[in-house]
Amino acid sequence: MARIVFIILIASVTGLSAFTTVPSFGKPKHKLSALHASKDSVDAFLQRAFTPGTLVEFSEKKRAHVGRIINVEHKSNGDARYEIIDHDGKKFSIADKAVSYAMPNTPNDERRAKQLFDDFVSAFEESDFELRTDLDISPELLEMAWEEALQDESHEMTPNSLVDLIHSHTASAIESYKAWKLLRTGMAHVFFKEIKDHGRVVAFKAKASNAVEAARKTFCTNPDNAEDEFCWV
């Protein structure tokens with residue numbers, strides 16, 4: 001009886017009823033952890049944003065452009081927006097998701113920033129045939145690269161690994177961009193499909209042999225590709 005009176009007395013002093021649910025000590029910790037996780041996620045996103053000076057290919061009003069980032073703005077939700085200037089001095093304001101390809105400048109590139117920009121624009125304007133010629137990658141060599149990729153456990157090919165495989169040297173920044181563009185052409189899509197990360201094409205996966213044969217047939221029966229050397233065999 002004395003024990004019951006003691007419990008009632010404690011409850012009245014603390015303002016708790018016998019039916020009050022006392023919050024678990026773990027809950028505030030979980031909320032705090034969630035808050036920190038959210039902040040860390042935003043910080044990680046901000047760190048992934050491209051820096052001023054980065055050369056980018058981007059889309060604006062369903063058209064592709066290239067330019068240089070001159071300013072970065074972060075929204076309250078962590079999303080980034082970029083102010084970009086193109087080769088002709090025209091400015092654009094785009095969201096991070098509009099960037100298709102980015103070529104960051106290293107400190108060593110600062111002295112030749114203008115030349116790199118010129119080269120980047122030239123690469124952007126090249127035709128499929130010009131990309132093959134500049135990279136010295138024929139349809140036969142691309143097919144060989146596809147066969148090599150099939151042997152790899154991941155079946156993946158990147159622009160850098162393509163250049164390294166065929167020419168046995170590390171790709172320059174411009175070579176890497178050209179190889180990326182080449183791997184996105186119709187002929188390359190016969191052998192590879194695109195792999196995306198956050199909406200950007202970052203790598204290419206080798207298709208199965210039967211899928212390649214079907215894609216080759218579709219590509220070569222298209223009248224637009226009738227003169228392509230890939231279809232002469």
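All values reported here derive from a predicted model rather than from experimental measurement. Side chains included, hydrogens not; waters and symmetry mates left out as well; all remaining heavy atoms used.
Atom OG in Ser122 sits 11.0 Å away from atom CZ in Phe117 (nearest 0.5 Å). Taking CG from Leu150 and OG from Ser209, the interatomic distance works out to 5.5 Å, rounded to the nearest 0.5 Å.
Remark: the His87 side chain and the Asp118 side chain contain an N/O donor-acceptor pair separated by less than 3.5 Å. Looking at Tyr82 and Asp96, their side chains do bring a donor and an acceptor atom within 3.5 Å of each other. A donor-acceptor pair shorter than 3.5 Å cannot be found between the side chains of Thr185 and Asp128. Inspection of the Glu57 and Tyr177 side chains reveals an N or O donor paired with an N or O acceptor under 3.5 Å.
For the pair His167 (side chain) and Leu135 (backbone), a donor-acceptor distance under 3.5 Å is present. Counting only distance, with no hydrogens or angles, the side chain of Arg81 and the backbone of His74 share no donor-acceptor pair below 3.5 Å. Judged purely by atom type and a 3.5 angstrom limit, Asn225 has no side-chain atom pairing as donor or acceptor with the backbone of Asp228. At least one donor-acceptor pair closer than 3.5 Å links the side chain of Thr221 to the backbone N or O of Lys217. Using modelled atom types, no side-chain atom of Trp180 and backbone atom of Tyr101 make a donor-acceptor pair closer than 3.5 Å. Side chain of Lys207 to main chain of His189: a donor-acceptor pair is present (N/O by atom type, distance under 3.5 Å, no hydrogens or angles). With Asn77 contributing its side chain and Asp79 its backbone, the two residues share a donor-acceptor pair below 3.5 Å. Formation of a donor-acceptor pair under 3.5 Å by the Ser138 side chain with backbone atoms of Leu141 is found in this model.
Shown here are the side-chain contact (heavy atoms from CB on, under 4.5 Å) partners of Ser127, two or more places apart in sequence or in another chain: Phe129, Glu130. For Lys193, the salt bridge (charged side-chain N to carboxylate O under 4.0 Å, His left out) test picks out no residue, with sequence neighbours left out. Every residue meeting the side-chain contact (heavy atoms from CB on, under 4.5 Å) condition with Asp119, not counting sequence neighbours, appears here in chain and number order: Gln115, Ile174. Scored by the side-chain contact (heavy atoms from CB on, under 4.5 Å) test, His155 finds Lys205, Ala206 as partners (sequence neighbours excluded). The side-chain contact (heavy atoms from CB on, under 4.5 Å) check on Lys97 picks up Ala95, with sequence neighbours excluded. Glu194 pairs by the salt bridge (charged side-chain N to carboxylate O under 4.0 Å, His left out) definition with Arg184, not counting sequence neighbours.
Cluster partners of Ile85, using a side-chain heavy-atom cutoff of under 4.5 Å among ILVMFWY residues and allowing indirect links, are Ile70. Grouped by direct or indirect side-chain proximity (heavy atoms under 4.5 Å, Ile/Leu/Val/Met/Phe/Trp/Tyr only), Ile195 sits alone.
Looking at heavy atoms from C-beta onward, Val190 lies in side-chain contact with Val212 at the 4.5 angstrom threshold. The closest side-chain heavy-atom distance from Val99 to Ile94 is below 4.5 Å. Side-chain contact between Asn105 and Leu116 is present, with at least one heavy-atom pair separated by less than 4.5 Å.
Contacts classified as disulfide (SG to SG under 2.5 Å) and involving residues 107-143 (residues at least two apart or in different chains) are not found. Among pairs with a residue in residues 149-229, those fulfilling disulfide (SG to SG under 2.5 Å) read Cys220-Cys231, at least two apart in sequence or across chains. Within the structure, the salt bridge (charged side-chain N to carboxylate O under 4.0 Å, His left out) test picks out the following pairs touching residues 160-183 (sequence neighbours left out): Glu126-Lys178, Asp134-Lys178. Contacts classified as salt bridge (charged side-chain N to carboxylate O under 4.0 Å, His left out) and involving residues 143-161 (residues at least two apart or in different chains) are given here: Glu143-Arg216.
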